[in-house]
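Right, one structure below, let's go through it.
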Amino acid sequence: MNSTSHNFKDNARAALGDKQLQDALGNLKGGLVAQRARARDALPEFEDLRDVARDIKNHTLANLDLYMEAYEKKATEAGAVVHFAPTADDARAIILEICQQAGARIVTKGKSMVSEEISLNHHLEDAGLEVVETDLGEYLVQIRHETPSHIIAPAIHLTQAQVEADFRRLHTHLPKERVLVEPAQLVNEARQILREKFQRADVGITGANFLIAETGSSVIVTNEGNGDLTQSLAKTHIVLASIEKLVPTLEDVSTIIRLLARSATGQEISTYTTFSTGGRRPTDPDGPVNYHVVILDNGRSDLLATEFREVLRCIRCGACMNHCPVYNAVGGHAYGWVYPGPIGSVLTPGLIGVKAAGHLPNASTFCGRCEQVCPMKIPLPKLMRHWREAEFQQKDNSAGFRAGLGLWSYFARRPKLYHLAAKIGIPMLGALGRRRGRFAWLPLTSGWTKHRDMPAPQGRTFQKLWAEHKAGAQR
Amino acid sequence: MSSSLPRPRVGLFVTCLVDLYRPSVGFAAVKLIEASGCQVDVPETQTCCGQPAYNSGDRLSTIEIAKTTIAAFEKFDFVVAPSGSCAGMLKKHYPSLLKDDKAWGPRATALATKVHELINFLVDVRKMTAVEARFDGTATYHDSCSGLRELGVKDQPRQLLASVKGLTLTEMEDNEVCCGFGGTFSVKYGDVSNAMVEKKTHNIAAVKPDLLLAGDLGCLLNMAGKLKRQGSTIAVRHVAEILAQETSDPALGDGS
Ligand code: SF4
């Protein structure tokens with residue numbers, strides 16, 4: 001996917017002015033945030049589980065090569081064909097080849113952010129395949145030629161009225177006078193459309209929430225059951241997963257799954273949790289004949305050896321963005337690439353470079369709410385700061401910004417000079433602002449004063465007053 | 001406090017915003033710390049905790065500033081700052097910044113154990129349960145992010161505010177959500193910052209308080225700036241000003 005992350009400021013401004021988007025985002029707080037809080041409070045061991053889950057993934061990442069080998073062996077024994085794709089190009093080529101070998105015309109897809117990362121749909125469509133997203137949110141995004149704006153709720157930027165309008169525009173074979181008021185009516189209509197596609201699909205592509213080294217299985221969790229139809233009705237099932245989806249054992253999956261749905265939607269567990277181990281066996285009543293697993297690296301193993309390794313613990317629950325005040329203000333598209341919100345601000349520079357994505361780790365107040373809710377205890381603000389450090393070292397910040405910061409830190413390192421400058425500057429500012437108590441404009445702060453006044457200082461520095469106070473007390 | 005014991009020596013980390021913008025908060029802090037049975041000193045060799053550099057990715061400058069601060073404060077029994085964000089910087093971030101430095105690492109860690117946010121210090125360390133102060137009116141309290149999440153400042157200010165005569169605390173919705181300040185963020189991403197502070201002032205105004213309080217001057221400048229631009233008459237003050245009844249100066253953003 002092409003990135004517009006470098007345009008974050010303009011993207012954000014447009015998003016803030018988009019009334020429909022703002023209405024849609026308004027639902028986040030009462031929805032996912034409140035539901036997570038309830039689920040967390042209802043599980044006394046929630047906080048302890050976070051430590052356990054973090055340790056599981058840390059251990060896995062520290063031994064990724066060993067577990068990957070074990071996974072490949074087990075999966076292959078169970079009948080899977082495992083492919084390793086170092087880059088997005090490789091993954092696209094592998095998947096297209098599998099589709100072509102299967103003689104595919106229609107490909108159904110379960111939700112997969114990794115497939116967004118590698119722009120899979122375009123690639124397959126360019127080769128003449130019909131690609132159908134079967135997750136309702138993904139379907140909505142697909143028919144609008146948009147991209148997901150949230151990793152678990154791809155169409156969260158849309159209002160119900162927009163969805164209704166799109167359905168009426170596209171599903172013209174259905175009666176005009178049909179009622180589409182309730183969410184359930186919209187869901188039913190999408191189901192009707194998708195059912196036919198499921199039945200005709202030649203290949204089903206899903207992501208994976210986990211790959212299990214112990215058993216060679218892949219796991220998906222969904223609420224709509226679309227993933228199950230995608231992977232079991234087509235003759236060929238392709239799992240597309242990135243390397244960090246690996247965990248050692250079934251037991252580990254059951255631990256982390258207790259956090260996943262609670263953090264994501266506040267459910268105790270998602271409606272469907274499906275384990276796939278190889279393709280259909282002779283005794284199985286159904287299931288795909290061919291089962292492929294494409295494991296994507298795309299820059300992740302480079303992160304393994306760095307301080308950014310921790311981001312690879314992510315289980316894509318979305319809690320960090322639900323709780324992020326910046327995400328809540330601008331929505332997911334403003335971030336300009338596949339992964340929005342705090343996880344995107346850490347992962348995106350790692351995958352497409354800090355030059356292209358430098359705004360993202362900067363566009364945070366470090367309020368820390370993301371880290372507070374992240375089930376995998378990823379220190380997202382700290383990692384964003386590391387990107388800022390990388391950017392500073394590469395001198396990617398604007399010259400004006402560097403000069404300003406340089407001047408400030410020159411003074412901050414020299415207490416005497418600092419206090420002298422303050423003693424001179426502050427009374428001037430104080431005198432100017434005393435009557436009104438604030439400024440509507442100040443040099444170099446237009447980003448602030450465009451929207452806010454700047455309260456005026458009291459007019460003397462504490463250090464000066466304190467020195468006088470001490471002298472007075474000694475007299 | 002027993003008078004036979006020497007009073008602990010507290011180094012006040014004034015913070016650059018209080019030093020430059022609102023000395024009355026510094027004096028309020030001194031008054032409260034003294035009332036808790038300590039003596040207060042204000043080293044002249046302090047400037048800023050270094051967050052502007054730290055959060056801009058300038059690690060080397062930050063380390064220099066951290067060393068200056070550590071040298072200025074390590075002689076005290078306690079180091080107290082009227083700001084959760086600056087106290088958090090000294091307490092949580094200096095040790096990690098200097099952890100690979102053989103000489104300075106241990107000094108940073110030793111200092112960190114003595115650093116406290118002001119209200120935290122009064123309630124948790126000095127076991128203060130009430131203050132001598134009066135304010136007739138209603139107030140609402142915004143939980144600033146670093147104090148809340150790095151240092152666990154939440155109940156302490158509310159406990160002391162409950163002892164202020166005449167004051168009623170009314171909680172606003174989402175009092176734990178960031179106000180959108182974030183230091184240079186507020187200027188660099190002014191539009192996003194504004195959207196955040198607009199939500200905040202909306203929640204503040206909804207409970208119709210006479211007074212908005214918080215423990216960090218950065219957030220207070222931001223919220224006061226927005227409230228005043230919106231023409232609001234809600235007075236904005238640092239919580240220490242009310243607890244110490246240091247209210248002779250106009251509230252933030254109000255003229256004299
Ligand atoms: S970073 Fe944490 S909170 Fe965000 S999506 Fe990943 S696991 Fe969830």
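With chain A as the partner, the residue from Thr69(B), Leu221(B), Leu220(B) showing the most heavy-atom pairs under 4.5 Å is Leu221(B). Across Gly26(B), Cys48(B), Cys179(B), the residue that shares the most heavy-atom pairs under 4.5 angstrom with chain A is Gly26(B). Chosen from Ala412(A), Gly368(A), Ala329(A), the residue pairing most often with chain B at heavy-atom distances under 4.5 Å is Ala412(A). Ranked by heavy-atom pairs under 4.5 Å with chain B, the list Arg452(A), Arg388(A), Arg438(A) is led by Arg452(A). Comparing Glu150(B), Glu64(B), Lys199(B), Met196(B) by heavy-atom pairs within less than 4.5 Å of chain A, the highest count is held by Met196(B). For chain B, the option among Arg369(A), Gln393(A), Arg436(A), Met454(A) with the highest count of heavy-atom pairs below 4.5 Å is Arg369(A). Contacts with chain A were tallied for Ala72(B), Gly50(B), Pro52(B), Ser61(B); Pro52(B) has the most, counting heavy-atom pairs under 4.5 Å. The most heavy-atom pairs under 4.5 Å with chain A, out of Cys145(B), Gly253(B), Ala195(B), come from Gly253(B). Listed options Ala363(A), Ala12(A), Ala334(A) were ranked by heavy-atom pairs under 4.5 angstrom with chain B; first place goes to Ala363(A). Between chain A and the residues Cys178(B), Ser146(B), Ala224(B), the largest count of heavy-atom pairs under 4.5 Å involves Cys178(B).
The aromatic rings of Phe462(A) and Phe27(B) sit tilted relative to each other, their planes meeting at an angle between 30° and 60°. Relative orientation of the His359(A) and Tyr189(B) rings is perpendicular, given thresholds of 30° and 60° on the angle between their planes.
Electrostatic pairing of Lys382(A) and Glu307(A) does not count as a salt bridge here, judged by no charged N lying under 4.0 Å from a carboxylate O. Between Arg22(B) and Glu241(B) there is a salt bridge, since a side-chain N of the basic residue sits under 4.0 Å from a carboxylate O of the acidic one. A salt bridge is absent between Lys355(A) and Glu391(A); no separation between the charged side-chain nitrogens and carboxylate oxygens falls under 4.0 Å. The pair Lys226(B)-Glu198(B) meets the salt-bridge criterion, since a charged nitrogen lies less than 4.0 angstrom from a carboxylate oxygen. Taking 4.0 Å as the cut-off between side-chain N and carboxylate O, Lys450(A) and Asp191(B) count as a salt-bridged pair. A salt bridge links Asp453(A) to Arg229(B): at least one charged side-chain nitrogen sits closer than 4.0 Å to a carboxylate oxygen. Of the charged side-chain nitrogens involved, at least one lies within less than 4.0 Å of a carboxylate oxygen, so that Glu176(B) and Lys154(B) count as a salt-bridged pair. By the 4.0 Å N-to-carboxylate-O rule, Asp41(A) lies too far from Arg38(A) to be salt-bridged with it. Between Glu389(A) and Arg385(A) there is no salt bridge, since no side-chain nitrogen of the basic residue lies less than 4.0 Å from a carboxylate oxygen of the acidic one.
The parts of Ser24(B) that come within reach of chain A are both its backbone and its side chain, each placing non-hydrogen atoms under 4.5 angstrom from that chain. Only the side chain of His469(A) comes within less than 4.5 Å of a heavy atom of chain B; its backbone N, CA, C and O stay farther away. In this structure, chain A has heavy atoms under 4.5 Å from both the backbone and the side chain of Tyr21(B). Heavy-atom distances place both the backbone and the side chain of Val192(B) under 4.5 Å from chain A. Looking at Leu217(B), there are no atoms closer than 4.5 Å to chain A (heavy atoms on both sides), in backbone or side chain. For a residue to count as touching a neighbouring chain, one of its non-hydrogen atoms must lie under 4.5 Å from one of that chain's; by this rule Val236(B) does not touch chain A. For Lys67(B), no part lies under 4.5 angstrom from a heavy atom of chain A. Using a 4.5 Å cut-off between heavy atoms, Thr68(B) touches chain A through its side chain atoms alone. Interface remark: Cys16(B) contributes backbone and side-chain atoms alike to the contact with chain A (heavy atom separation under 4.5 Å). Proximity to chain A is limited to the side chain of Arg149(B), based on heavy atoms less than 4.5 angstrom apart. At a 4.5 Å heavy-atom cutoff, the contact between Asp174(B) and chain A is made by side-chain atoms alone. Proximity to chain B involves both the backbone and the side chain of Leu465(A), based on heavy atoms less than 4.5 angstrom apart.
A side-chain donor from one of Ser85(B) and Gln51(B) sits under 3.5 Å from a side-chain acceptor of the other. For Arg7(B) and Gln39(B), the side-chain atoms include no donor-acceptor pair closer than 3.5 Å.
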